[in-house]
Amino acid sequence: MAPAVPLAVLALVALVAPGLGVAPGCDYPAQRWCSSRDVSVACQVESRCPSLPRPTAAPVELSLYYESLCPACREFLVLKLFSTWLLLPKEMLNINLVPYGNAQERNVSGKLDFQCQHGPEECLGNMIEACLMHEAKNFSTYFPVIFCLESGSSVTKNLEACLQIYAPELDSGRIAACVQGDTGVALMHHNAQLTEALDPPHQYVPWITVNGKHTDKLQSQAEASLLGLVCHLYQGEKPEACGGSQAPKIPSGCRR
């Protein structure tokens, strides 16, 4: 006895190939039409195969140029960026962190020296976070640690405690060696170059670029509702976290 053909397949036959015909270019039996995306396309039934995974869309690319002790930077990273990252699937949002901000780089007797807006402690905080990223490499490993540092009482003194909570597998000694050695200086020089290359040049921090662009409008949207902005820009299937979110309205005035 021949196996029964599912009702859904019979419905497809009736809709796509009335009169016992088949879709042009379809060399597959009806029971295989929804077996893969390629087959469904060949048989012109792609829209009628709801079980097929949808093509993945490119993630929204967000870069945050910041400095470790800037109050507005800390507020955006802790309250907006981290929470948005937690709510969204990893394939939807790529984040790049550049700790440098309004620092100044100088060459003093052949050695690079950095001066930061909030003093030497901020330069140390910037370098700790840069070295943390360098040693951890994996964003999902180091971002919770940076969140811990930026939300705590001291960016420069809480590294050990934050590592114990969020990334106990990381070696604090390696991070300290990076901070105290040439690698830390090289990382800060790289961040200085990235920051100086911004177009348009940054005027304040936090400075946010979205998909490689910075505008007053994007900055205002990101600060008002980052989740809404990312959900609005993402071209793929929206997760449940985007259900009630919308791109925020633009304020009448834009901060410069």
Side-chain angles (χ1 to χ4, degrees), residues 58-78 80-82 84-85 93-139 142-143 145-147 149-150 155-156 159 175-224 226 229-230 233 254-256:
V60 176
E61 302 281 346
L62 185 144
S63 293
L64 175 64
Y65 296 81
Y66 71 105
E67 49 198 31
S68 62
L69 296 188
C70 164
C73 297
R74 299 177 75 172
E75 179 180 357
F76 178 80
L77 189 151
V78 170
K80 301 289 180 63
L81 188 58
F82 188 72
T84 298
W85 176 71
L93 177 63
N94 280 346
I95 300 172
N96 180 43
L97 301 176
V98 185
Y100 186 79
N102 296 323
Q104 299 292 322
E105 181 183 58
R106 300 182 306 166
N107 190 314
V108 180
S109 302
K111 293 186 178 181
L112 292 178
D113 179 68
F114 302 95
Q115 291 186 329
C116 296
Q117 185 174 14
H118 298 91
E121 186 176 6
E122 180 168 80
C123 284
L124 176 58
N126 291 344
M127 192 174 291
I128 287 173
E129 294 184 4
C131 285
L132 168 64
M133 288 186 264
H134 175 73
E135 290 297 327
K137 296 185 173 57
N138 188 294
F139 185 84
Y142 64 71
F143 192 32
V145 180
I146 290 177
F147 162 80
L149 293 173
E150 294 292 342
V155 171
T156 59
L159 177 62
I175 297 172
C178 170
V179 171
Q180 297 164 9
D182 294 338
T183 301
V185 174
L187 291 172
M188 294 314 302
H189 174 62
H190 178 65
N191 286 353
Q193 290 180 313
L194 292 176
T195 304
E196 291 302 316
L198 285 168
D199 183 18
H202 87 284
Q203 302 172 21
Y204 49 81
V205 287
W207 187 263
I208 302 160
T209 68
V210 181
N211 292 332
K213 298 179 180 180
H214 174 93
T215 65
D216 289 337
K217 178 179 178 179
L218 285 172
Q219 180 85 23
S220 296
Q221 287 180 312
E223 291 181 335
L226 182 61
L229 175 61
V230 175
L233 293 176
C254 293
R255 179 171 59 85
R256 295 294 298 180

| message | Taking disulfide bond (SG atoms under 2.5 Å apart) as the definition, give me every residue that meets it alongside Cys178, ordered by chain and number, with sequence neighbours left out. | response | Cys131
| query | Between atom CE of Met188 and atom OH of Tyr100, what is the distance when rounded to the nearest 0.5 Å? | reply | 7.0 Å
| field | Value rounded to 0.5 Å, distance of CG in Leu64 from NZ in Lys80 | value | 12.0 Å
List in chain and number order the residues that pass side chain to side chain donor-acceptor pair (under 3.5 Å) with [X], two or more places apart in sequence or in another chain; answer none if no residue qualifies.
X	result
Asn126	Ser68
Gln104	none
His202	Asn102
Asn211	none

| note | Residue pairs meeting salt bridge (Lys or Arg N to Asp or Glu O under 4.0 Å), one or both in residues 186-215, sequence neighbours left out, come to none
| task | Would you list the pairs meeting salt bridge (Lys or Arg N to Asp or Glu O under 4.0 Å) in which at least one residue belongs to residues 121-132, sequence neighbours left out? | result | none
| task | List for me each residue that meets salt bridge (charged side-chain N to carboxylate O under 4.0 Å, His left out) alongside Glu105, sequence neighbours excluded, and say none if there are none. | result | none
| field | Side-chain touch Met133/Pro99, heavy atoms, less than 4.5 angstrom | value | yes
| task | For Tyr142, enumerate each residue passing the ring-ring contact (aromatic ring centres under 6.0 Å, His included) test, keeping only those at least two apart in sequence or located in another chain. | result | Phe139
| said: For Glu61 versus Asn94, what's the shortest heavy-atom pair and its separation? | reply: OE2-ND2, 3.0 Å
Sequence neighbours excluded, which residues qualify as side chain to side chain contact (heavy atoms under 4.5 Å, CB included) partners of [X]?
X	value
Ala176	Gln180
Asp182	none
Gln193	His189, His190

| task | Check the surroundings of atom NZ in Lys111: do more than 12 heavy atoms from other residues, nucleotides or ligands lie under 6.0 Å from it? | result | no
